[in-house]
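Below, read A as the first sequence line, B as the second, and so on, with proteins coming before strands; counting in each chain starts at 1.
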Amino acid sequence: EAGVAQSPRYKIIEKRQSVAFWCNPISGHATLYWYQQILGQGPKLLIQFQNNGVVDDSQLPKDRFSAERLKGVDSTLKIQPAKLEDSAVYLCASSLGSGARGNTIYFGEGSWLTVV
Amino acid sequence: AQKITQTQPGMFVQEKEAVTLDCTYDTSDQSYGLFWYKQPSSGEMIFLIYQGSYDEQNATEGRYSLNFQKARKSANLVISASQLGDSAMYFCAMRGRHNQGGKLIFGQGTELSVKP
């Protein structure tokens with residue numbers, strides 16, 4: 001079974017530029033998450049989708065971050081304009097969304113962003 | 001509000017010995033799930049073990065076991081027979097609204113170093 005795919009793996013941009021990250025969840029997983037992990041900290045949820053609807057985006061800085069999940073499969077996370085404090089790993093994750101084993105959330109390898 | 005606390009920023013263990021990583025949690029939910037993830041330097045979050053709040057027996061997965069003490073709100077990870085490849089960050093996480101897709105929140109992590 002293929003895992004959660006993310007791209008690009010690494011990105012370096014200047015502040016005020018824009019960047020987009022792509023995620024392809026595990027096939028059949030209805031729930032998709034984007035997490036931000038700053039160095040030395042635990043991941044923080046940015047946004048959660050159930051199919052193509054947003055379940056939770058309470059911690060998404062909406063003035064600069066946006067995310068979409070068209071057709072309920074792939075998702076993109078965009079940052080525009082980027083700030084220095086956005087330097088982090090952006091982790092995409094997915095889960096079936098129901099059932100005991102379905103509660104397990106599987107993560108991709110992450111997209112490392114450095115803003116200079 | 002839900003909260004995960006990991007009080008050990010770093011731990012050392014000798015190869016082949018057992019080690020316990022501490023995790024305490026706080027939640028008002030009656031039903032929830034507890035997870036442990038391993039994050040090597042490559043950045044990927046690797047799922048290790050899951051414990052449901054209504055599970056009567058402690059979860060085990062190979063060399064990993066979860067010491068679940070519900071009354072104390074603790075969910076410690078025990079790694080038996082440590083290997084050099086176990087050196088990584090370990091995160092405890094909790095998901096509320098069991099079986100209903102609640103978001104996963106993480107602790108600050110414990111960095112485990114296995115000595116040869």
> At their closest point, which heavy atom of A:T104 faces which heavy atom of B:R95, and how far apart are they?
Replying inline: N-NH1, 4.3 Å
>> Which heavy atom of B:F106 sits nearest to which heavy atom of A:P43, and what is that distance?
In response: CG-CD, 3.6 Å
>> Under 4.5 Å between side-chain heavy atoms, counting indirect links through other Ile/Leu/Val/Met/Phe/Trp/Tyr residues: same cluster for B:Y37 and A:L39 or not?
In response: no
Around [X], counting heavy atoms of other residues, nucleotides and ligands shown, do more than 12 lie under 6.0 Å from its [atom1]?
X     : atom1 : result
B:F12 : CZ    : no
A:K11 : NZ    : no
A:K62 : NZ    : yes
A:I12 : CD1   : no
A:K44 : NZ    : yes
B:Q30 : CD    : no

> Among B:Q39, B:M89, B:E111, who wins on heavy-atom pairs under 4.5 Å with chain A?
Replying inline: B:Q39
> For chain A, which of B:S42, B:G107, B:P9 has the most heavy-atom pairs under 4.5 Å?
Replying inline: B:S42
> With a 4.5 angstrom heavy-atom cut-off, which part of A:S58 approaches chain B: side chain, backbone, both or neither?
Replying inline: side chain
> What part of A:Q37 is in contact with chain B, defined as an atom under 4.5 angstrom from a non-hydrogen atom: side chain, backbone, both or neither?
Replying inline: side chain
> How long is the span from the CE atom in B:M45 to the OH atom in A:Y35, to the nearest 0.5 Å?
Replying inline: 9.0 Å
> Given that the side chain runs from C-beta out, which part of B:Q6 has a heavy atom under 4.5 Å from chain A: side chain, backbone, both or neither?
Replying inline: neither
>> Taking the six-membered ring for Trp, are A:F107 and B:F47 closer than 6.0 Å centroid to centroid?
In response: no
